[in-house]
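Below is one structure, written out as structure tokens; the observations come after it.
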Amino acid sequence: MSFAVFFVIILILVWVVALLYYGCSVPSSQLLGPALVRGTAGKGRVALTFDDGPTPPYTDQILDVLRKYGVTATFFVNGKQVDRYPDLLRRIQQEHHAIGNHTYHHIFLYLKTKGRMRQEIDRTQEAIERVTGLRPRIFRCPYGIRWFGLFSVLRERGMVAIQWSDTGFDWVKKNKPADIVQKTLKNLRDGSIILLHDGCGAKEPGEVDHSFTVEALPAIIENVHRKGLKFVSVHEFLSP
Ligand SMILES: [Zn+2]
């Protein structure tokens, strides 16, 4: 093999890997299928979303803050957490927040078959339905990672993928409440979908600490209100 041919093969491989990375891992990518990253601007709306719960005591603490400020949010729950803490999901529903599917075990979707993805999604839909009587229409991929076949599985179920445009990076240990507030608000604008967490990858109780998210939340809400924006559920961004 000549050096030129070898060079071209390497170049193609690098390009394929870069394209795969972009399509599967970059939150705003639409390469593998349509995902809502931000809502349409013009109505002064932002959506606050919490992933990986429900988890005691953080979900209750977050719900208390949301109630105090009269704010509606969206919770992308893991089926495993729903089976562990059905009462927390019941409270989310009773307080009129939106509920989405975030898989059962919070798995990476990389290299997963359609069968495995169906299993993760359906088991979570069933867990949520047992508690709330409803099957969510919205889905968020764990880690934001998409894989081939996911979008046809979602289509079969009439579900829509929701990503995010802004986050406080509240899963990064070194981020203190002030950092979470600053990062969340850095690029926030009309139509933003904010990602925060009330759990951590369906981990065992005691392995999760989201007290900084809870501490950051009042300042995030107050700043958003000061900008003249209001909080809506993700569903409001799906209807025209
Ligand atoms: Zn997650």
Side-chain angles (χ1 to χ4, degrees), residues 21 24-29 32-33 35-38 47-63 66 73-85 88-89 92 97-112 116-125 127-128 131 136-147 150-151 153-154 159-175 180 183-184 192-214 216-217 220 233-234:
Y21 174 78
C24 300
S25 308
V26 172
S28 60
S29 160
L32 296 189
L36 186 74
V37 177
R38 62 166 60 248
L48 188 52
T49 69
F50 295 93
D51 286 10
D52 298 15
T55 315
Y58 309 107
T59 306
D60 268 327
Q61 293 171 352
I62 285 167
L63 287 168
L66 297 176
T74 303
F75 290 79
F76 289 94
V77 297
N78 290 122
K80 191 170 177 182
Q81 296 297 94
V82 171
D83 282 343
R84 277 172 169 159
Y85 311 111
L88 287 179
L89 188 69
I92 290 172
H97 300 290
I99 296 165
N101 184 320
H102 193 44
T103 73
Y104 195 85
H105 295 100
H106 203 270
I107 56 164
F108 271 108
L109 296 184
Y110 278 133
L111 304 171
K112 296 295 183 295
R116 179 84 171 89
M117 290 193 267
R118 279 193 194 101
Q119 222 177 45
E120 282 285 326
I121 291 170
D122 290 347
R123 197 170 167 195
T124 303
Q125 292 291 79
I128 295 170
V131 178
R137 278 183 52 225
I138 49 177
F139 176 75
R140 179 170 278 155
C141 309
Y143 315 98
I145 305 294
R146 287 134 291 165
W147 191 247
L150 169 69
F151 288 91
V153 171
L154 293 179
M159 295 176 82
V160 185
I162 311 290
Q163 298 283 93
W164 63 89
S165 58
D166 300 81
T167 176
F169 294 91
D170 61 338
W171 64 91
V172 180
K173 287 262 181 300
K174 71 173 174 52
N175 286 337
I180 296 170
K183 287 172 197 298
T184 301
S192 280
I193 298 177
I194 302 165
L195 165 67
L196 292 171
H197 292 80
D198 62 330
C200 183
K203 279 188 184 155
E204 295 302 317
E207 289 186 324
V208 184
D209 182 359
H210 269 297
S211 51
F212 286 174
T213 305
V214 177
L217 196 52
I220 292 171
S233 88
V234 160

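FYI, the numbering just counts along the sequence from 1. Just so you know, ligand 1 is whichever comes first in the structure, and atom 1 is the first atom listed for that ligand.
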Are any side-chain N or O atoms of N175 and backbone N or O atoms of I180, one a donor and one an acceptor, separated by less than 3.5 Å?
no
Does any N or O in the side chain of H97 come within less than 3.5 Å of the main-chain N or O of A73, such that one atom is a donor and the other an acceptor?
yes
With a 3.5 Å distance limit and no angle check, can you tell me whether Q81 reaches the backbone of T55 through a side-chain donor-acceptor pair?
no
I need the single residue from T49, D52, N78, T124 that forms a side chain to side chain donor-acceptor pair (under 3.5 Å) with H102. Which is it?
D52
Residues, nucleotides or ligands: over 12 heavy atoms within 6.0 Å of Y110 OH
yes
From the Zn ion (ligand 1), how many protein N/O/S atoms are found at a distance short of 2.8 Å?
3
State whether K80 and E120 are salt-bridged, where the test is any N-O pair (Lys NZ or Arg NE/NH1/NH2 against Asp/Glu carboxylate O) under 4.0 Å.
no
